[in-house]
Asker: 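Right, I'll just put the structure down here and ask away after.
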Amino acid sequence: MDLAFSGWSGILILAVYGAIMLGVGLFTYLRNRNIHESLDEYYLGGRGLGVTVLFFTFFATQYSGNTVVGYPPSAYRQGFEYLVSVPFFIMIIMAYLLFAPRLYSIGKKYKLVTPAQWLEKRFKSKAVTILASLLMLYGLGNYLLEQFVAIGQGVSGLTGGTIPYQLGVIFFVIIMLVYGWLGGMRSVAYTDTMQGFALLFGVFMLLIGSIVYFGGVPTSTDYMQAYSPEKLGIPDAPGVRNWLSLLLLIGIGAAVYPHAIQRIFSAKSEKTLKRSFSRMAWMPFVTAGIVFLIGIIGINAFPGLSTGESEQLVGKMASSIASQNALFYWAMIFLFGGVIAAIVSTADSILLTFSSIISNDLYGHYINPEASDRKKLLVGKLVGVAAVAILILIAWFPPGTLYQIFVLKFELLIQISPGFILGLYWNRLNTKTVFAGMLAGTIVASVMTIMDLSLLNIASGLWGLLLNLSICVVGSLVMSVTEAEETESREVIGM
Amino acid sequence: MGKPRKEPIKNPKLWIVFVILLALLTPWYFPGSFDDMFIFGMPLWAISIIVVSILLSAFLSYVIKNHWMIEEEKEEMDEKGVK
């Protein structure tokens with residue numbers, strides 16, 4: 001994104017955001033010196049997050065800087081068909097209701113730290129735990145990479161190229177590593193709160209500015225009626241299938257994001273968790289809804305952009321609005337600072353979960369179970385830093401448009417859900433079929449994505465999931481489970 | 001004794017409502033005549049989707065508040081016990 005309007009003021013706001021994040025990390029460190037001795041304290045904030053902080057940390061896992069910068073271009077290109085972005089965020093909360101109530105209770109009972117730890121507890125199978133951990137690490141790595149690319153582009157865009165892409169990435173990644181290292185989940189959640197406020201404020205200002213200076217939605221609708229009526233029409237049959245598949249894929253997919261699951265374990269109490277979810281159910285209207293409207297207004301404000309040019313839509317609109325007066329100028333600077341902060345806040349959550357899988361599941365369970373929590377933590381943190389270093393090298397060569405990689409990681413992460421969710425309820429679920437389903441689903445989803453194969457316009461991740469689920473269910477019905485195994489499952493689930 | 005333990009997944013009625021809402025959230029049922037109708041500059045079908053979305057959020061809030069009760073009571077008792 002090229003924001004000709006900013007420059008030194010952009011650098012100033014980034015420096016301020018960076019300083020606040022570091023301050024939060026230092027403050028948390030000084031207040032909680034003991035967190036480096038315990039996985040619970042470091043990765044879950046001592047299972048004590050209150051409603052507001054928990055809400056904003058869930059908020060940061062679902063809404064990133066990409067929501068603000070990447071969604072309006074999609075609305076610009078697809079028109080009202082992209083309205084699906086509002087309900088698909090609501091679907092995430094519905095998907096949580098399938099498993100979060102029971103998972104919170106079980107997490108509390110067994111002091112679970114990571115999602116894979118539940119699989120280990122439930123299936124006691126090295127193959128299932130390791131495959132799930134690897135899928136999560138791969139999906140999270142991909143996701144983290146995407147955030148780094150976005151940070152670099154954002155910083156160089158906001159500062160008008162004064163700070164080059166690479167320097168932008170390094171600057172924020174180092175800040176993120178420092179506050180994450182110092183304060184763990186607490187730092188991550190507190191900075192999420194600050195970052196969430198900045199983003200919400202900025203997006204509101206962008207909408208107000210767009211309405212004032214470009215005319216509101218009705219003006220844009222008139223334009224579409226005259227020049228591109230297909231952007232107003234009711235979706236056709238393939239459009240409807242795509243719509244439904246997005247609702248299902250993103251609903252289930254985002255709810256089983258490993259870092260989203262981990263937040264369930266960090267809730268202070270069931271009441272806290274419930275209140276946070278209740279608020280989240282209404283957020284799509286003020287986040288996805290607003291960015292959707294901005295994209296629609298953009299159709300009239302900057303007509304006829306090519307696909308590539310439309311990716312810059314938010315930058316173009318913000319530049320025009322910023323040139324109007326000082327209030328909007330600073331609001332737009334604040335917005336893009338907030339966008340970058342939001343990307344950092346998504347990245348820090350992913351990295352924390354990434355490290356926790358290493359600390360708790362791979363190193364702490366299989367490689368060196370005798371190690372102290374302090375040592376497990378150190379290994380997790382160090383492997384996290386090493387992974388970040390590798391990803392930064394890859395980020396020098398950013399991949400294609402954002403949307404495609406977004407779907408790619410979903411497709412892998414979603415394959416964990418059948419074993420994970422069915423395992424909470426079904427005593428007879430067979431361990432071997434869970435493994436076979438997860439593997440088959442992953443292969444189908446990956447091959448379809450890589451070869452760019454499409455079937456009935458339904459996302460390849462859903463086909464993989466369907467196969468995965470069928471193998472789990474049919475396999476478990478056909479294969480027998482011994483009396484002892486079934487009793488054991490019943491005891492583990494304990495409900 | 002307090003209220004019974006409640007888990008949303010065990011209540012099929014709730015999921016019937018969710019399925020109906022999901023069906024209404026997908027734009028397959030609008031007659032072609034809706035194409036030319038607008039309210040506040042938005043196509044009528046899009047307004048309908050937004051209304052159903054609001055219903056879904058409201059229903060979710062209701063279910064979360066009233067049909068999810070596993071640990072809450074115990075946690076509140078523990079808290080009182082500590083104090």
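First the proteins, then the strands, lettered A, B, ... as listed; each starts at 1.
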Asker: For I93(A) and I64(B), run side-chain contact (heavy atoms from CB on, under 4.5 Å): C-alpha distance rounded to whole Å, both residues' side-chain angles, the deciding distance at 0.1 Å, then the answer.
Answerer: CA-CA 10 Å; I93(A) 306 300; I64(B) 290 170; 4.0 Å; yes

Asker: Taking C-beta and beyond as the side chain, do F285(A) and I54(B) meet within less than 4.5 Å on heavy atoms?
Answerer: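 A side-chain contact exists here, since the closest heavy-atom pair is under 4.5 Å.
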
Asker: Would you mind checking which part of P27(B) comes under 4.5 Å of any heavy atom in chain A, side chain (CB onward), backbone (N, CA, C, O), both or neither?
Answerer: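 Contact with chain A involves both backbone and side-chain atoms of P27(B).
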
Asker: W45(B) versus chain A, heavy atoms under 4.5 Å apart: side chain, backbone, both or neither?
Answerer: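 Contact with chain A: side chain only.
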
Asker: Looking at side-chain heavy atoms only, is the closest gap between W28(B) and I234(A) below 4.5 Å?
Answerer: no

Asker: At what distance, to the nearest 0.5 angstrom, does NZ of K108(A) lie from CD1 of I70(B)?
Answerer: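 Answer for the NZ-CD1 pair, K108(A) versus I70(B), is 11.0 Å.
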
Asker: Would you mind checking which part of Y96(A) comes under 4.5 Å of any heavy atom in chain B, side chain (CB onward), backbone (N, CA, C, O), both or neither?
Answerer: neither

Asker: Is Y62(B) close to chain A through its backbone or its side chain, or both, or neither, when contacts mean heavy atoms under 4.5 Å?
Answerer: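 Y62(B) has no heavy atom closer than 4.5 Å to chain A.
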
Asker: What residue in V217(A), V84(A), L98(A) has the most heavy-atom pairs under 4.5 Å with chain B?
Answerer: L98(A)

Asker: With a 4.5 Å limit on heavy-atom distance, are the side chains of F59(B) and I90(A) in contact?
Answerer: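 They are not in contact (no side-chain heavy atoms under 4.5 Å apart), so the answer is no.
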
Asker: If you define the side chain from C-beta out and look only at heavy atoms, does anything of L232(A) sit under 4.5 Å from F38(B)?
Answerer: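 Counting from C-beta outward, L232(A) and F38(B) do come under 4.5 Å.
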
Asker: Heavy-atom distances under 4.5 Å only: say whether E81(A) touches chain B with side chain, backbone, both or neither.
Answerer: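 Interface part for E81(A): backbone (N, CA, C, O).
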
Asker: With a 4.5 angstrom heavy-atom cut-off, which part of L247(A) approaches chain B: side chain, backbone, both or neither?
Answerer: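 When you check distances to chain B, only side chain atoms of L247(A) fall under 4.5 Å.
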
Asker: Check whether any side-chain heavy atom of I49(B) sits under 4.5 Å from a side-chain heavy atom of V86(A), and report yes or no.
Answerer: no

Asker: May I ask you to test the L83(A)-I50(B) pair for a side-chain heavy-atom distance under 4.5 Å?
Answerer: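 Yes, their side chains come closer than 4.5 Å.
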
Asker: Is the count of non-hydrogen atoms from other residues, nucleotides or ligands lying under 6.0 Å from R279(A) atom CZ greater than 12?
Answerer: yes

Asker: Would you name the heavy atoms of K274(A) and W68(B) that are closest together and state the gap between them?
Answerer: NZ-O, 2.8 Å

Asker: Are T221(A) and M42(B) close enough that some pair of their side-chain heavy atoms sits under 4.5 Å apart?
Answerer: no

Asker: At a 4.5 Å cut-off on heavy atoms, which part of I296(A) comes close to chain B: side chain, backbone, both, or neither?
Answerer: neither

Asker: Taking the side chain as C-beta and beyond, is there a heavy-atom pair between H67(B) and L97(A) under 4.5 Å?
Answerer: no

Asker: Which pair of heavy atoms, one from L25(B) and one from P87(A), lies closest together, and at what distance?
Answerer: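 Smallest heavy-atom distance, with atoms named: CD2-CB, 3.7 Å.
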
Asker: Does M94(A) form a side-chain contact (heavy atoms from CB on, under 4.5 Å) with W15(B)? I'd like the steps, not just the answer.
Answerer: CA-CA 10 Å; M94(A) 192 182 101; W15(B) 295 92; 4.2 Å; yes

Asker: Using non-hydrogen atoms only, which part of V52(B) is less than 4.5 Å away from chain A: side chain, backbone, both, or neither?
Answerer: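 Neither the backbone nor the side chain of V52(B) comes within 4.5 Å of chain A.
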
Asker: Rounded to the nearest 0.5 Å, what separation is found between the CG atom of L21(B) and the CE atom of M91(A)?
Answerer: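 Answer for the CG-CE pair, L21(B) versus M91(A), is 10.0 Å.
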
Asker: If you count every heavy atom of other residues, nucleotides or ligands that lies below 6.0 Å from Y29(B) atom OH, does the total exceed 12?
Answerer: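 Atom OH in Y29(B) is crowded, with more than 12 foreign heavy atoms closer than 6.0 Å.
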
Asker: Under a 3.5 Å distance rule, please check whether S57(B) uses its side chain to pair with a backbone N or O of W282(A) as donor and acceptor.
Answerer: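 Here the side-chain-to-backbone pair does not exist.
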
